[in-house]
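This report refers to the structure that appears directly beneath it.
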Amino acid sequence: MTVIWRAGISALALFTIALPVLGEEQTRRIEEIIVTAEKRQSTVSDTSISITAIGAEMLEDLGIQSANEFVNFIPATTRDDYDIRIRGVGRNFRSLGGDPGVSTYYNGVYSEDALIALTENALWDLERIEVLRGPQGTLYGRNSIGGAINYISKKPTDTWSGNVRMQLGRWNTNEAYAAVSGPIIEDVLKFRMTGAKQQRDGAQEGQFGTQDADEVNDQNLSLAFEWTASDTVTVETRFNDRRSLRRNG
């Protein structure tokens, strides 16, 4: 059983236990997501490539918090010890020359490893994730024979907002996430700061007196700025500091 606590700056604290509610009417609707898969904004239905986009609302509703859970909702997509695979194409080994077969772009910047982005902040405080299947070399260059993944985090906002999430679970799991965003100079400069701390004891029992393995001890802090220099020029910067200390075996 996982206990989840969420609170917002302008709302009362909310404490819930993740149990099903009988008799509660739930409705689902198709969420329209604007994507940039073709280097320009368009809806998923208007994009002429094989694409799946998962927005922030869907990530929250489905409780997707890891790469293993994420690939369950993407057709023809799996993950292994090395990287993400799309239609069976991915990274075959991790050493010199072991380039990925699926390219990853983190807020428009190339990342050499999809799992770096897909394990940050447990997929929290994201705008959306776009997965493009099939060769994407025309727009995304090398290392995209299997496809491409666009990982887009939430941007700074014009008004003040904040969010806090805490999770507790088995193996002494304790996780804390927080985000705050707002203007520094109205209509000119705004920021967004996101922090996360994840800890968990080893989930794999040690043998012959050895310590338990597969523990988690991650922390991440990111700070994004958006500067509107003029009516036609906008400068976006993002600083990120992530540390991961874990015993895998």
Side-chain angles (χ1 to χ4, degrees), residues 30-59 64 66-80 82-94 96-121 123-156 192 194 222 224-240 242:
I30 298 177
E31 181 183 3
E32 182 179 77
I33 301 177
I34 303 298
V35 298
T36 54
E38 295 182 320
K39 306 294 185 179
R40 58 184 178 86
Q41 289 190 350
S42 63
T43 63
V44 174
S45 58
D46 291 335
T47 304
S48 58
I49 53 179
S50 181
I51 179 176
T52 299
I54 297 182
E57 183 179 343
M58 186 174 180
L59 288 170
I64 302 174
S66 68
N68 289 333
E69 297 170 346
F70 173 74
V71 298
N72 290 334
F73 297 91
I74 308 299
T77 303
T78 59
R79 68 150 295 189
D80 53 27
Y82 303 117
D83 218 328
I84 296 293
R85 289 182 177 272
I86 297 179
R87 295 175 177 171
V89 179
R91 191 195 303 261
N92 294 322
F93 57 90
R94 279 189 178 274
L96 185 63
D99 289 341
V102 176
S103 62
T104 302
Y105 285 82
Y106 190 97
N107 292 319
V109 179
Y110 177 75
S111 173
E112 68 279 0
D113 194 328
L115 299 181
I116 293 177
L118 290 172
T119 56
E120 181 180 300
N121 296 347
L123 301 183
W124 183 73
D125 203 44
L126 287 181
E127 186 66 36
R128 66 185 180 276
I129 304 176
E130 307 168 2
V131 180
L132 291 66
R133 295 182 294 277
Q136 302 295 329
T138 301
L139 289 176
Y140 292 92
R142 61 175 296 182
N143 300 335
S144 59
I145 187 65
I149 299 177
N150 285 329
Y151 180 97
I152 297 97
S153 58
K154 290 184 177 179
K155 294 184 178 182
R192 186 178 195 90
T194 304
S222 64
F225 295 96
E226 184 175 315
W227 173 39
T228 304
S230 67
D231 293 338
T232 58
V233 177
T234 300
V235 180
E236 297 178 354
T237 59
R238 190 174 191 269
F239 304 91
N240 198 93
R242 182 180 180 187

Does [X] reach the side chain of [Y], with side-chain heavy atoms less than 4.5 Å apart?
| X | Y | answer |
| --- | --- | --- |
| Ile129 | Phe70 | yes |
| Glu236 | Trp227 | no |
| Ile74 | Arg133 | yes |
| Val131 | Thr77 | yes |
| Asn107 | Arg238 | yes |
| Leu118 | Ile84 | yes |
| Asn150 | Tyr140 | yes |
| Glu226 | Thr234 | yes |

Exercise for the section: Report yes if the distance between the aromatic ring centroids of Tyr151 and Tyr105 is under 6.0 Å, otherwise no. Expected result: no
Problem - Results of salt bridge (charged side-chain N to carboxylate O under 4.0 Å, His left out) for Asp80 - residues two or more places apart only - result: Arg85
Is it true that a side-chain atom of [X] and a backbone atom of [Y] form a donor plus acceptor pair closer than 3.5 Å?
| X | Y | answer |
| --- | --- | --- |
| Thr138 | Gln136 | no |
| Ser111 | Asp113 | yes |
| Ser230 | Val233 | yes |
| Asn72 | Asn68 | yes |

Practice task
Assess whether side-chain contact (heavy atoms from CB on, under 4.5 Å) is satisfied between Arg192 and Lys155, documenting all intermediate values.
Solution key: CA-CA 7 Å; Arg192 186 178 195 90; Lys155 294 184 178 182; over 6 Å; no
Handout entry: Worked verdict on Ile149 versus Leu132 for side-chain contact (heavy atoms from CB on, under 4.5 Å)
Key = CA-CA 6 Å; Ile149 299 177; Leu132 291 66; over 6 Å; no
Contact summary for [X] and [Y], nearest pair of heavy atoms:
| X | Y | answer |
| --- | --- | --- |
| Asp83 | Pro100 | OD2-CB, 3.8 Å |
| Ser103 | Ser144 | OG-CB, 3.3 Å |
| Ala117 | Thr104 | CB-CG2, 4.5 Å |
| Leu115 | Ala67 | CD2-CB, 4.0 Å |

Problem - Ile145, CD1: over 12 other non-hydrogen atoms inside 6.0 angstrom - result: no
Problem - Between Arg242 and Asn240: side-chain donor-acceptor atoms closer than 3.5 Å - result: no
Handout entry: Asp99/Arg91 under salt bridge (Lys or Arg N to Asp or Glu O under 4.0 Å): CA gap, chis, key distance, verdict
Key = CA-CA 6 Å; Asp99 289 341; Arg91 191 195 303 261; 5.7 Å; no
Handout entry: Pair Ile54-Arg128, side-chain contact (heavy atoms from CB on, under 4.5 Å): steps then yes or no
Key = CA-CA 5 Å; Ile54 297 182; Arg128 66 185 180 276; over 6 Å; no
Handout entry: Audit row: Thr52, Phe73, side-chain contact (heavy atoms from CB on, under 4.5 Å) steps and yes/no
Key = CA-CA 9 Å; Thr52 299; Phe73 297 91; over 6 Å; no
